[in-house]
Amino acid sequence: MIEQHPLEPFLPSHATLLMLGSFPPKKERWSMEFFYPNWINDMWRIWGLIFYDDKEHFVAEEADGKKAKRFDRERCAGFAAEKGIALYDTACEVRRLKDNASDKFLEVVTPTDLHSLLERIPECKAMVTTGQKATDVIVATFGCPEPAVGEYSEFTIEGRKMRLWRMPSSSRAYPLALEKKAGFYMNTVSYTHLRAH
């Protein structure tokens with residue numbers, strides 16, 4: 001069965017950074033209607049550590065003030081809009097070869113039109129991939145060198161200089177401490193002049 005991407009690209013007009021995963025997990029694993037919705041994915045904890053020194057900054061609260069087991073969509077989207085972080089994925093249509101969200105078992109049926117995305121965010125100067133599948137699609141699309149994890153490669157798209165950063169996956173399956181992952185992501189924050197603290 002072919003799945004279509006359930007979300008529209010999130011593209012603040014002043015975005016300097018475009019983050020690209022492969023494809024969202026199945027809806028039953030979502031904790032909110034936004035990117036990186038899986039409660040056990042650490043992307044929003046990474047951003048919380050970098051900008052607020054608090055890995056739970058984007059965790060929603062219940063009416064009694066206790067932390068919920070979900071992320072706060074408005075807080076996440078508002079943060080990304082303010083900081084200029086665009087979010088989407090490298091596949092518009094996929095086929096899951098197994099009943100999970102693993103890149104290894106994800107067949108890209110229709111890749112995202114990345115040129116079109118970049119046209120809509122003219123200030124963007126860096127792309128970040130958070131997995132091998134997303135990196136493979138970008139390398140195939142633009143013919144740029146594949147960076148090692150934590151590194152970047154530079155290339156030019158229609159006269160625009162661009163960096164492709166290959167970050168460690170925010171999935172818990174990737175064996176690296178949260179603080180160390182956040183350290184890698186800080187490099188892209190510095191380069192794209194997102195405002196930290």
Side-chain angles (χ1 to χ4, degrees), residues 7 9-22 24 32 34-60 71-90 112 114 117-118 120-135 137-139 142 144-157 160-197:
L7 296 167
F10 184 80
L11 303 172
S13 60
H14 61 288
T16 55
L17 178 66
L18 172 59
M19 295 192 61
L20 294 159
S22 52
M32 65 171 172
F34 198 55
F35 294 91
Y36 302 98
N38 192 330
W39 174 247
I40 60 168
N41 185 294
D42 282 330
M43 184 59 72
W44 295 108
R45 294 180 184 92
I46 288 169
W47 287 124
L49 272 180
I50 290 172
F51 282 88
Y52 305 100
D53 201 25
D54 176 12
K55 67 181 181 180
E56 295 190 341
H57 179 81
F58 294 104
V59 176
F71 297 110
D72 184 321
R73 187 222 179 267
E74 299 311 312
R75 197 178 299 169
C76 294
F79 162 81
E82 179 198 337
K83 299 296 183 188
I85 301 171
L87 298 157
Y88 200 53
D89 292 301
T90 53
T112 298
L114 297 172
L117 284 191
L118 289 170
R120 293 165 63 186
I121 44 175
E123 294 178 39
C124 181
K125 57 183 181 176
M127 289 182 281
V128 165
T129 54
T130 57
Q132 188 61 49
K133 185 78 67 176
T135 306
V137 171
I138 290 178
V139 167
F142 298 114
C144 57
E146 179 178 330
V149 173
E151 302 292 328
Y152 66 86
S153 61
E154 292 185 311
F155 59 105
T156 303
I157 307 168
R160 190 190 329 186
K161 286 186 178 177
M162 189 69 63
R163 279 188 181 182
L164 168 60
W165 295 81
R166 171 71 171 90
M167 289 290 102
S169 171
S170 53
S171 166
R172 298 266 174 98
Y174 192 87
L176 190 67
L178 180 65
E179 291 76 13
K180 288 189 176 178
K181 289 183 184 182
F184 281 115
Y185 280 80
M186 261 308 293
N187 292 331
T188 62
V189 168
S190 299
Y191 177 69
T192 53
H193 303 294
L194 304 181
R195 292 192 304 274
H197 295 291

Rounded to the nearest 0.5 Å, how far apart are [atom1] of [X] and [atom2] of [Y]?
| X | Y | atom1 | atom2 | result |
| --- | --- | --- | --- | --- |
| Asn187 | Tyr152 | CG | OH | 9.5 Å |
| Phe155 | Cys144 | CZ | SG | 4.0 Å |
| Arg166 | Thr130 | CZ | OG1 | 8.0 Å |
| Trp165 | Tyr185 | CH2 | OH | 12.5 Å |
| Asp89 | Leu114 | CG | CG | 10.5 Å |
| Phe58 | Met43 | CZ | CE | 11.5 Å |

For the side chain of [X] and the backbone of [Y], is there at least one donor-acceptor N/O pair under 3.5 Å apart?
| X | Y | result |
| --- | --- | --- |
| Arg160 | Leu118 | yes |
| Thr90 | Gly21 | yes |
| Lys125 | Arg163 | no |

*Decide if the gap between the ring center of Phe34 and the ring center of Phe71 is smaller than 6.0 angstrom.*
no

*For Asp42, what residues pass the side chain to side chain donor-acceptor pair (under 3.5 Å) criterion, not counting sequence neighbours?*
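Partners of Asp42 by the side chain to side chain donor-acceptor pair (under 3.5 Å) criterion, ordered by chain and then number, come out as Arg45, Arg172.
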
*Pairing residues for Tyr88 by the side chain to side chain donor-acceptor pair (under 3.5 Å) criterion, not counting sequence neighbours*: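 In terms of side chain to side chain donor-acceptor pair (under 3.5 Å), with neighbours along the sequence ignored, Tyr88 is linked to no residue.
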
*Minimum-distance pair of heavy atoms, taken over all atoms of Ile46 and Ala182*: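 Heavy atoms only, the tightest pair is CG2-CA, 3.9 Å.
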
*Shortest non-hydrogen contact from Ser13 to Pro122?*
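The answer is O-CD, 4.2 Å.
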
*Looking at side-chain heavy atoms only, is the closest gap between Asp72 and Trp44 below 4.5 Å?*
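Counting from C-beta outward, Asp72 and Trp44 never come under 4.5 Å.
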
_Would you say that Phe10 contacts Ile85 through its side chain, given a criterion of any heavy-atom pair below 4.5 Å between the two side chains?_
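A side-chain contact is absent here, since even the closest heavy-atom pair is not under 4.5 Å.
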
*Pick one: which of Thr156, Leu18, Ile157, Ile138 meets side chain to side chain contact (heavy atoms under 4.5 Å, CB included) with Met162?*
Ile157

